[in-house]
Asker: 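Below are the structure tokens for one structure; questions will follow.
FYI, side chains are in, hydrogens and waters are out, and symmetry mates aren't considered; it's all heavy atoms of this structure. Below, chains carry the letters A, B, ... as their sequence lines are ordered, and counting in each starts from 1.
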Number of protein chains: 2
Amino acid sequence: MSSITSEPEKKILDAAKAVFEEFGYNGARMQKIADVAGISKASLHYYFRNKDNLFDRIFDETMSEFMLIVSTWTNVEEEWDVKLRNFIIEFYTFLKTNSLLFILREINRNPELLKRRKPKPKAGFLSYFENLKSAGVIRNINVPLIYVFMHSLCSYPLLNRSLFKRTTGLSDAEFETFMDEYPNHVADFLIEAIKKTNRK
Amino acid sequence: MSSITSEPEKKILDAAKAVFEEFGYNGARMQKIADVAGISKASLHYYFRNKDNLFDRIFDETMSEFMLIVSTWTNVEEEWDVKLRNFIIEFYTFLKTNSLLFILREINRNPELLKRRKPKPKAGFLSYFENLKSAGVIRNINVPLIYVFMHSLCSYPLLNRSLFKRTTGLSDAEFETFMDEYPNHVADFLIEAIKKTNRK
DNA sequence: ATATGGTTTGACCAAATGGTCAACAAAAAT
DNA sequence: ATTTTTGTTGACCATTTGGTCAAACCATAT
């Protein structure tokens, strides 16, 4: 219903997303959004009554996109370790182009943003590995812990990129390589922690 | 030199820290800082010429405190795994009471904040484990990778707390316990990844 | 051509906000 | 006691910013 984003409406949403993600709610300016969208501020208000209105739309969209990636688990018939590696690489790639900081920043600013969203069903990741664990296919791990580990390992280096660049002692080139290879290292690491030891 | 923070000056710095950390540079209001400090806005400007001036002072202090914790490595004579566990627990405790999000948010807003700081010497963590590795005491690990892992595992759950609370499928009580035990799990995990396998 | 209905915008407005200043108060120095 | 310095503040100012509105614009139907 009425999500038929018309031509100028779409331009506005793109502009608003870019501006809100870069500057945050408090730093974003309606004039700036209008400029980026290539229209007047009055036109902007014609399509979206006010700033909160527009912001909520952007935040909800970004958040939905994020939750979709997070909670979807592949149905492909493969070994769990292959699925896990692919998921990690996809998730990492997704995070690279999407402003996770935007989400964290705004939730922190206004926790209400979360409360009004309907709670999501349990992430596919969790039940999938709970099942493998019950079936004795993998080690007797703490599944939520692995879930938190995976998220942390994928997310934080992208959030903290500029600081890690300074503190790891790597050169610019080395650091770029490091960040490119990173998701595979995360996969290696988690798979190693999950799989049954081959010691008898 | 002149860091003899006088009585009202200290009240202002405390207030400013609280307000900037909660609302960010763009969301913070000079009037709010004055209110929290219990003085007039004019007095606030008497002590700190302007908002940027005051902000820089707070940011630099917070950043220095953070970098100190990050780059200091214990000199206690103990086994590396004990030292690592203690470091992780201390670091996690530190992060719980300090706004890491503040640092990330403001660096993202204005990368200049980092550029003007003098680069820190390599973190003690890195050279310590490089040495152990050369000496063959631990596995042949990628040290910067472990460094990034440790930071990510300690930091992200605190940044993303409210979302994890919703997505892990744990009850409130379970989640609290989870977060309390968390640093020890991180330590277990990293130690396992670093220590030599006892397979011959 | 003209009326109709949606779209666009420059000009404005009111509130918020960072910052100033003259006047006053309180110490400190003389 | 009196001058001088330091601290404090209410009132004020200029700018920014979210938001409004009447007039103009433009497509389409009549």
Asker: Is a salt bridge present between A/Glu192 and A/Arg85, judged by a nitrogen-to-oxygen distance below 4.0 Å?
Answerer: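 No.
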
Asker: Could you tell me the separation between the CD1 atom of A/Ile39 and the C1' atom of C/dG6, rounded to a whole number of Å?
Answerer: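 It works out to 15 Å between those atoms.
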
Asker: Any luck finding a side-chain donor-acceptor pair between A/Gln31 and A/Asp35 under 3.5 Å?
Answerer: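 A/Gln31 vs A/Asp35: donor-acceptor pair found between side chains.
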
Asker: Quick check against the 3.5 Å criterion: does B/Lys96 have a side-chain atom that pairs as donor or acceptor with the backbone of B/Leu158?
Answerer: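 Answer holds: no.
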
Asker: Once you round it to whole Å, what is the distance between C1' of D/dG10 and CG of B/Leu44?
Answerer: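 So the CG-C1' distance, B/Leu44 to D/dG10, works out to 15 Å.
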
Asker: Check whether more than 12 heavy atoms from other residues, nucleotides or ligands sit under 6.0 Å from atom NZ of A/Lys32, and answer yes or no.
Answerer: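 Count not over threshold, so no.
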
Asker: Is a donor on one side and an acceptor on the other found under 3.5 Å between the side chain of B/Ser155 and the backbone of B/Ser152?
Answerer: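 Not confirmed, B/Ser155 side chain does not pair with B/Ser152 backbone.
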
Asker: For a quick check of understanding: with a heavy-atom distance under 4.0 Å over all strands, which category does A/Tyr47 fall into, base, sugar-phosphate or nothing?
Answerer: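 Counting heavy atoms under 4.0 Å across all strands, the contact made by A/Tyr47 is with sugar-phosphate only.
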
Asker: Taking the cut-offs as 6.0 angstrom to the six-membered ring centre and 45 degrees off its axis, would you call A/Arg117 and A/Phe66 a cation-pi pair?
Answerer: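 Judged by the rule (NZ or CZ under 6.0 Å from the ring centre, within 45° of its axis), A/Arg117 is not positioned above A/Phe66.
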
Asker: In this structure, how many angstroms lie between the P atom of D/dG19 and the CZ atom of A/Phe55, rounded?
Answerer: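 The answer, rounded to whole Å, is 14 Å.
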
Asker: What does the list of N/O pairs under 3.5 Å between the protein and nucleotides 13-15 of chain C look like, with a distance for each?
Answerer:
none

Asker: For the pair made of CG in A/Asp35 and P in C/dG10, what is the distance, rounded to whole Å?
Answerer: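 Going from A/Asp35 (CG) to C/dG10 (P), I get 11 Å.
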
Asker: Whole angstroms only, please: what is the NZ-C1' distance between A/Lys32 and D/dT16?
Answerer: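 Nearest whole value for this atom pair: 16 Å.
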
Asker: Select one nucleotide: of D/dT9, C/dT7, C/dG10, the one nearest the side-chain heavy atoms of A/Tyr46.
Answerer: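 It is C/dT7.
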
Asker: Evaluate the ring planes of A/Phe125 and A/Phe129, with Trp represented by its six-membered ring, and classify them as parallel (under 30°), tilted (30 to 60°) or perpendicular (over 60°).
Answerer: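 Aromatic pair A/Phe125/A/Phe129 classed tilted.
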
Asker: Under 4.0 Å between a side-chain N/O of A/Ser43 and OP1 or OP2 of C/dT9, yes or no?
Answerer: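 Yes.
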
Asker: I need the CD1-P distance between B/Ile12 and D/dG7, as an integer number of Å.
Answerer: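 To the nearest whole Å, that distance equals 11 Å.
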
Asker: Output one line per pair: protein atom, nucleotide atom from nucleotides 17-20 of chain C, and distance, for all N/O pairs under 3.5 Å.
Answerer:
from	atom 1	to	atom 2	distance (Å)
C/dT17	OP1	B/Arg29	NE	2.6
C/dT17	O5'	B/Arg29	NE	3.3
C/dG18	OP1	B/Ala28	O	3.4
C/dG18	OP1	B/Arg29	NH1	3.4
C/dG18	OP1	B/Lys51	NZ	3.2
C/dG18	OP2	B/Met30	N	3.1
C/dG18	N7	B/Lys41	NZ	3.0
C/dG19	OP2	B/Lys51	N	2.7
C/dG19	N7	B/Lys41	NZ	2.8
C/dG19	O6	B/Lys41	NZ	2.6

Asker: Could you check whether A/Lys10 pairs with A/Asp14 (Lys NZ or Arg NE/NH1/NH2 to Asp/Glu carboxylate O, under 4.0 Å)?
Answerer: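 Salt bridge present between A/Lys10 and A/Asp14.
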
Asker: Using 30° and 60° as the class boundaries, would you call the ring planes of A/Phe91 and A/His151 parallel, tilted or perpendicular?
Answerer: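 A/Phe91 and A/His151: perpendicular rings.
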
